[in-house]
Amino acid sequence: MVMARGKFITFEGIDGAGKSTHVEGVAAFLRERGKNVITTREPGGTPLGEHLRALLLHEKMHLETEALLMFAARREHIALLIAPALERGDWVISDRFTDASFAYQGGGRKLSLDKLRALEQWVHADLQPDLTLLFDVPLEVARQRLDQSRALDKFEQEQQAFFAGVREAYLQRATEFPQRIHVIDSTRPLDDVSRQLEQLVSAL
Ligand code: TYD
């Protein structure tokens with residue numbers, strides 16, 4: 001019997017949108033339905049990827065270096081974790097993936113989309129998420145949520161104009177890929193959001 005490929009789900013949104021709160025909830029929901037689920041994150045997800053994450057979140061660097069390191073970490077993540085898991089039939093949930101590069105390095109830092117597309121083509125031409133949950137909140141709400149959390153990393157310390165660009169680029173991606181990307185209004189109560197997420201992943 002040929003094993004069916006597992007499903008690949010990604011969570012996206014500006015910092016403070018509340019996506020990370022829901023990753024384990026969706027994973028638990030799927031596990032109760034008999035799926036083998038792996039949760040992971042970007043940048044990171046592998047030993048080398050986590051080293052790169054520490055650099056990316058805390059060191060100043062040229063914006064192209066930043067984009068290249070994001071995709072270097074992603075290359076490793078796909079090779080070591082994502083692709084083998086999907087081939088085994090497991091489901092993979094990643095807290096961020098390539099849409100984040102288009103949003104942060106593209107919309108936030110204004111790196112050309114052509115360069116990002118070239119990197120995407122190089123690193124994962126034949127792999128796209130089956131479903132992307134884009135957690136969306138107004139910038140002021142996100143900022144408030146962030147201020148209540150821990151010490152801020154390099155990205156979280158950016159100004160509102162940066163996040164406006166990030167949010168706009170995410171919403172633009174959602175318009176471009178309406179089949180894959182679902183915008184979640186993350187200002188609603190947690191339970192309402194959880195129920196919507198369960199419906200969306202059930203439809204897969
Ligand atoms: P985040 O996912 O928000 O983790 P935490 O909840 O621990 O803060 O942090 C990752 C940061 O990396 C986030 O600010 C967005 C940024 N990022 C990019 O700029 N480009 C990318 O391609 C990815 C995957 C993340």
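Order of listing sets the numbers, starting from 1, for every ligand and every atom in it. Positions are given from 1 along the sequence. Being a predicted model, the structure only gives us computed values, none of them experimental. Basis for what follows: all heavy atoms, side chains included, without hydrogens, waters or symmetry-related copies.
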>> Can you see whether F71 has R74 sitting over its ring - NZ or CZ less than 6.0 Å from the centre and within 45° of the normal?
In response: yes
>> Would R33 pass as a cation-pi partner of F29, given that its NZ or CZ must be under 6.0 Å from the six-membered ring centre and within 45 degrees of the axis?
In response: yes
>> Only heavy atoms of A100, strictly under 4.0 Å: list the atoms of ligand 1 that pass.
In response: 20 (N), 21 (C), 22 (O), 23 (C), 24 (C)
> Taking only heavy atoms of P43, which atoms of ligand 1 are found under 4.0 Å from at least one of them?
Replying inline: 12 (O), 23 (C), 24 (C), 25 (C)
> For atom 8 (O) of ligand 1, which candidate among E156, K154, M70 holds the nearest heavy atom?
Replying inline: E156
>> For atom 2 (O) of ligand 1, what's the nearest protein heavy-atom neighbour? Residue, atom name and distance, please.
In response: R96 NE, 2.7 Å
> At what distance is the nearest protein heavy atom to atom 3 (O) of ligand 1, and which residue and atom is it?
Replying inline: D15 OD1, 3.1 Å
>> Contact between ligand 1 and E66 is defined here as a heavy atom of the residue under 4.0 Å from a ligand atom; is it met?
In response: no
>> Can you confirm whether more than 12 heavy atoms, excluding those of Q128, are under 6.0 Å from its CD atom?
In response: yes
>> Closer than 4.0 angstrom, basic N to acidic O: yes or no for E50 and R41?
In response: yes
> Under 4.0 Å from ligand 1, counting heavy atoms only, is it the side chain of H77, its backbone, both or neither?
Replying inline: neither
> With sequence neighbours left out, which residue pairs that include part of residues 103-116 fulfil the salt bridge (charged side-chain N to carboxylate O under 4.0 Å, His left out) condition?
Replying inline: E64-K115, E66-R109, R109-E158, D114-R117
> Is there a side-chain contact between F162 and Y104 (heavy atoms, below 4.5 Å)?
Replying inline: yes
> Side chains of L190 and H22: does their closest heavy-atom pair fall under 4.5 Å?
Replying inline: yes
> Which ligand 1 atoms, with their elements, are less than 4.0 angstrom from a heavy-atom of R53?
Replying inline: 4 (O), 5 (P), 7 (O), 9 (O)
> Is I184 close to F11 at the side-chain level, that is, under 4.5 Å between some pair of heavy atoms?
Replying inline: no
> Who's the nearest protein heavy-atom neighbour of atom 20 (N) of ligand 1, and how far?
Replying inline: Q105 OE1, 2.8 Å
> E42 heavy atoms, cut-off 4.0 Å: which ligand 1 atoms fall inside?
Replying inline: 24 (C)
> Of the protein's non-hydrogen atoms, which lies at the shortest distance from atom 22 (O) of ligand 1, and what is that distance?
Replying inline: S101 OG, 2.5 Å
>> Which of the numbered atoms in ligand 1 are under 4.0 angstrom from any heavy atom belonging to R74?
In response: 22 (O), 24 (C)
